[in-house]
Amino acid sequence: MSGLARHLGVCAAILLMASPHAQAQTRAETLRQVTGNTVNTLDPNLPGSTREAFGMSMNVYDRLVSFERKPNGKGFIFDFDHLRPELAKSYEISPDGLTITFKLRPDATWHDGTPVTADDIKWSLDRVVSAKSLGPPQMQTGSLTSSSQFTIIDPMTVQVKLDKPDRLALPNLATVYAIMVNSKVARAHATDDDPWALQWLKDHEAGSGAYTVENFKPGENTILRRSETWKGSKDGSLPFFKRVIQQTVPEAATRANLLAKGDADISIDLQSSDVLEIEKAGKLKVISTPQFNAFTMVAFNTKVKPFDNLKVRQAITAALPYEDMFKAAIFGRGAKLFGADWTTSPPTGLFPQPMPAHTDLVAAKQLLTEAGFPDGFDTSFTYSVSSAQINDPVAALIKESLGKIGVRVDVQKVPDAQFGTLITEKKLAMFTDTAISWMASTDYFFRNFFTGNQRWNYASWNNQELVDTAQAARFEPDPVKYEVLAKKLITITAAEAPEAFLWQPSQDAVVLPTIEGYTYWFHRQVDYRDMSRK
Amino acid sequence: MTKSAAVLRLAGRRLAASLPALLGVVVFTFVLMRVLPGDPAVFFASGPSAGQKEIEDIRHQMGLDRSIPVQLAFYLRDIGTGSLGHSMTTGQPVLKDLEERLPASLELTFAALVLALGLAIPMGVLAALNPGSTTDHAVRFLCTLGVCVPTFVSGLLLIYVFYYLAGIAPDPTGRIDIFASQPPSHTGFLVIDSLIAGDFDAARSAASQLVLPAVTMALFVLAPLARMTRASMLAVLGSDFIRTARAMGLSRGRIVFVYALRNAALPVLTIAGIVFSTMLGANVLVEKVFSWPGVAAYALDALLATDYAPVQGFVLLMAVIFVFVNLLVDVLYGLADPRVNAA
Amino acid sequence: MSASGQTAHALYVLRANRISSAAAVLAVLLVLTAVFGPMLTQYDPLASDVAHALQPPDANHWAGTDQLGRDVLARVIAAGRLDYAIAAAAVFLSFVIGAVIGGACGFRGGAVDRWVGRIVDVLMAFPLFVLAMALVAALGNRVENIVTATAIINLPFYIRFARAEVAVRRQAGWVEAASASGNGPMRIVLGFLLPNVLPAMSVQISLNLGWAILNAAGLSFIGLGVHPPTPEWGIMVAEGARFITVGHWWLVAAPGLALMLSVLCFNLLGDGLRDMLDPRMRT
């Protein structure tokens, strides 16, 4: 059992090093988050990374740039339209939009104390577009595809070149995947099979971010310690919390108990019913943000009968019990994406926004008859086990309501892995899911979720007019013309009904009354860097 | 031949005989996991931007692009070299995960078993001393009551009452207070490790974390233990040597607690062995409810994520433990029972 | 023992064991409620009424309403039918298959017996609840698969039991006599041996009925239970348990009580049966 012995030895060594510090922080200087999920890798680029891993990497790694945030209700919300330098000292976009030049901070250091160099930045940028990981497909949405686009100008300057002026190039560098890595350390652990050190960085970090990793136990907890040399904040200050514990507590009811007792500081994944009661009781702070970069929908497989028939899709869209679902399944905690009044063109080009769908069983029955199904038909409605809390009621209500126009629904609740497979293989007739986009940009939504033969085109929809419009919008620099194209995208979708839009669920962050600074981020996780305790 | 040698030989034979069963378990689990109607590659590639290529990459990384018999052959070879593969969910080698998590499950199961035996044996003895009496019926009723509540309900109720309402129990999240430092690991049992380190606060913390989940589990297994104690005591109390002892005028206490109980202990031991291995595998819901970082919760998460390797590793581990516990019971039985002897 | 003697003994045991008698009466009541229950309530267990969601018990809804405004009592009653059906079907399946396979092995012995023994060993070495989970996940979480999974994990016990009981009796004089009078082995096992083993197995059957209900509840808790909107105790309890902290106790109370009472009855009944069959109790 030499493996075990070695393992025990390492544990003991870590504990010996860690324990004197552990006592140094008071409870007040420690933030404890409880979540139903877990960080499964320290490198967010790894296939299979959980959302918690994405969020954790924001605290451990810096990116060249970061989105700003703006006040929103009791907390903050990320500002997709404004970026600021993070690890970079400054950046400059050339007038033709084809070159972005980053100046580095002369005083920035990695967690091991060595200075951040242009060499490291070039290596990190190469890594995110080249390594076999989640990075390349994301970066390509911002026209970042090859390492030849990144050049070192001098030890403190790196340049990014683009083929076209892509509005999403810079925002992509602020996303989760574009981490800046200490290339000396990473290279030392790279192998011929794994030149980008994906394996090593899974369990180890080599960043410059606000926090270092003190303890990483997937499935149990991840503990962070503040890096005293961090330079990436807006005003050069250090985060308030010296230590952060993110702990996995699978039972949502237990998480609610922990907050109610004041033993945990924050949770962002409580059940709606618990949040409702907590809000009523008024002892904890609930920061509720509709996830404006997400939408929950019922998708119809437009490739198979009978959903290839527009009238059938319209009939089902008219038969869904929107208000009841909104009230009973998510307890009204979100923003409605149904019930709008417009008919021909939406008031703005923003997406997602409420669509002109209403529950109208008479019209639904009429449409169904016109479609050639006066007696209805048999179909199925599928969702994943992990979403059962919300979708059990949704499914019951849909089955009941569609039953009234003669559509007989077979409800299928399947494990998440199976659900993903069935969606990718386009085997489902009708199902529900929540789509999330990091880029809150209308053309990006439509390109990602309504075009192409890929998983995220839930409805397997293929509409040439929509495809052309979305591509035109992508490279349209004029905001006025962009707005026209965006409205057109929304109008086509409303008319063709590939999906019925339900709502944007709220992200409910429940925190102790003394905790401040919570921001709703595009990655929907907690960024500890701006948080504090009164 | 001496008795211990005979027992050892018996143990060796039993161990060898269990190998085919273990192989069967491995193959069956392997096939069962492949029948699961989800594609793990698709699941793990489900980042916001993963496409077909990422799916292919993961499939290759997990070895799923080969035929099932080939995959099985590779898996068996890996087991032979002491590897159980990698978990996609935690990103760690399965063996390392199991090694870290097994002590948590064992600690909890031991605590629950000790607690259950501590309650069940006195109750069973009490019932056997007065068969048919109100005590007898009350014991039976109480024990049966424990089996009737699903563990996830009793667990959540205990948390609600003792943590949320009364505030007596520590927060039900894992093995030790999250703010306390963990003792250096010797046995993997946090209570014992803390005591070794002389850290009595940590030991108390670890022990108090154990109480609620252990009670939840113990309630569920009281019935078979108490029932067996009662039956076995009844049988012994009716046997000749007890009659003789009575006739010789030995005190009642001495007869019951020294002679009868010792002889009645063997069948209880057998049941306890079975209960132990069953509990270890059936911990799933208790571990989930109490955020206990054990092996069963680990396997459940993996199963729902179609993460093959951890489930296979877990089942194999449970089967091995099952075999060893049975063996241990047999050996103890052999050592204690004069009839099992060298032929 | 004569038939009347057996009845007399049964009555004696029932009298002596009031708990078992009470359990028997309660079990009959519960089953009757499941069968005729839908007539007792005016509510449709599937009909939602969101305007009246999550209401505590009152004169209209004796057990309150759930998240969708459905009557909890109507759902508990409807769920009873399904749960009893699942339990009965699963136990019946494992009993029949187990008795036939085990009986044949016990009677014939030899290579088949050894091979079946090996397979039983494999099944016994599995962590059973995890096996049930994996089976349901693999086959799909539909009622028939929950039944199948529950039956499979019970199967080894029945095979072993039937095998042991038949093996003990196969040398008995009356079996030899039956054989001598020209009965085939199949007929001997099914016609003579199994009926003699049945009483002993009834204890196991009763205990397993309760256990099967708990098993279905556990599967529901982890999301592998029956599909909504089908009412089932396990899924109602699992959902309701999560509402305890926010004070909606009635969501778990009614289904929890129904589930508990049912399992309690089957267990106490099993115990009672054991006493009835156990000669030691007769002294």
Side-chain angles (χ1 to χ4, degrees), chain A residues 3-4 7-8 11-12 15-16 18-19 22-23 27 30 32 34 38 40-41 46-49 132-134 137-138 141 202-203 217-221 245 247-251 253-254 257-258 260-261 263-264 385-386 414-422 424-425 436-438 448 454-456, chain B residues 36-55 57-58 61 82 87-92 95-97 99-101 156 159-160 163-164 167 171-174 178-186 188 287-291 293 297-298 301 303-307:
Chain A
L4 182 62
H7 172 66
L8 295 178
C11 278
L15 280 158
L16 284 176
S19 44
Q23 263 84 49
R27 175 69 182 86
T30 306
R32 181 187 186 194
V34 285
T38 188
N40 62 344
T41 157
L46 232 66
S49 299
K132 273 191 178 177
S133 67
L134 299 174
Q138 174 64 43
T141 66
K202 186 162 76 179
D203 306 324
K217 275 193 180 172
E220 289 182 53
N221 56 55
I245 298 172
Q247 191 182 13
T248 300
V249 177
E251 258 311 304
T254 305
N257 284 344
L258 286 167
K261 299 285 284 181
D263 286 334
V385 164
S386 69
V414 299
D416 292 58
Q418 191 185 345
F419 187 61
T421 313
L422 290 169
T424 309
E425 292 172 352
I436 301 113
S437 159
W438 287 351
N448 233 6
Q454 38 95 16
R455 170 174 176 171
W456 311 109
Chain B
L36 283 183
D39 184 338
V42 173
F43 180 69
F44 288 108
S46 58
S49 51
Q52 201 54 40
K53 192 179 162 301
E54 285 65 44
I55 296 175
D57 286 345
I58 296 197
Q61 188 192 331
S87 159
M88 293 296 289
T89 338
T90 63
Q92 307 296 313
L95 199 62
K96 180 169 167 259
D97 278 343
E99 206 174 274
E100 267 177 22
R101 286 165 163 269
L156 284 170
I159 292 176
Y160 183 60
Y163 170 65
Y164 185 74
D171 69 52
T173 55
I178 185 84
F179 297 108
S181 53
Q182 287 213 359
S185 181
H186 298 287
E287 287 183 2
K288 271 274 154 207
V289 167
F290 288 93
S291 319
Y298 172 70
D301 290 341
L303 179 72
L304 291 181
T306 339
D307 192 359

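Lettering of chains follows the sequences in order, A, B, ..., and the numbering in each one begins at 1. Side chains included, hydrogens not; waters and symmetry mates left out as well; all remaining heavy atoms used.
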Distance, nearest 0.5 Å, that separates [atom1] of [X] from [atom2] of [Y]:
{"X": "B:Q92", "Y": "A:K217", "atom1": "CD", "atom2": "NZ", "result": "11.5 Å"}
{"X": "B:I159", "Y": "A:N257", "atom1": "CD1", "atom2": "CG", "result": "7.0 Å"}
{"X": "B:Y163", "Y": "A:K261", "atom1": "OH", "atom2": "NZ", "result": "6.0 Å"}
{"X": "A:K202", "Y": "B:T90", "atom1": "NZ", "atom2": "OG1", "result": "8.0 Å"}
{"X": "B:L36", "Y": "A:Q418", "atom1": "CG", "atom2": "CD", "result": "8.5 Å"}

Residue set satisfying side-chain contact (heavy atoms from CB on, under 4.5 Å) with B:S291, at least two apart, ordered chain then number -> A:V249, A:P250, B:T173
Among the listed options [options], the residue most often paired with chain B at heavy-atom distances under 4.5 Å:
{"options": "A:P218, A:A260, A:P415", "result": "A:P218"}
{"options": "A:L422, A:I245, A:T41", "result": "A:I245"}
{"options": "A:V34, A:D203, A:L46", "result": "A:D203"}

At a heavy-atom separation under 4.5 Å, does [X] approach chain B through its side chain, its backbone, both, or neither?
{"X": "A:L258", "value": "both"}
{"X": "A:S437", "value": "neither"}
{"X": "A:T248", "value": "backbone"}

Tell me, for B:L156 versus chain A, whether the close heavy atoms (under 4.5 Å) come from the side chain, the backbone, both or neither.
side chain
B:D171/A:R32 ion pair, N-O < 4.0 Å
yes
Within the 4.5 Å heavy-atom criterion, are B:F290 and A:T254 side-chain neighbours or not?
no
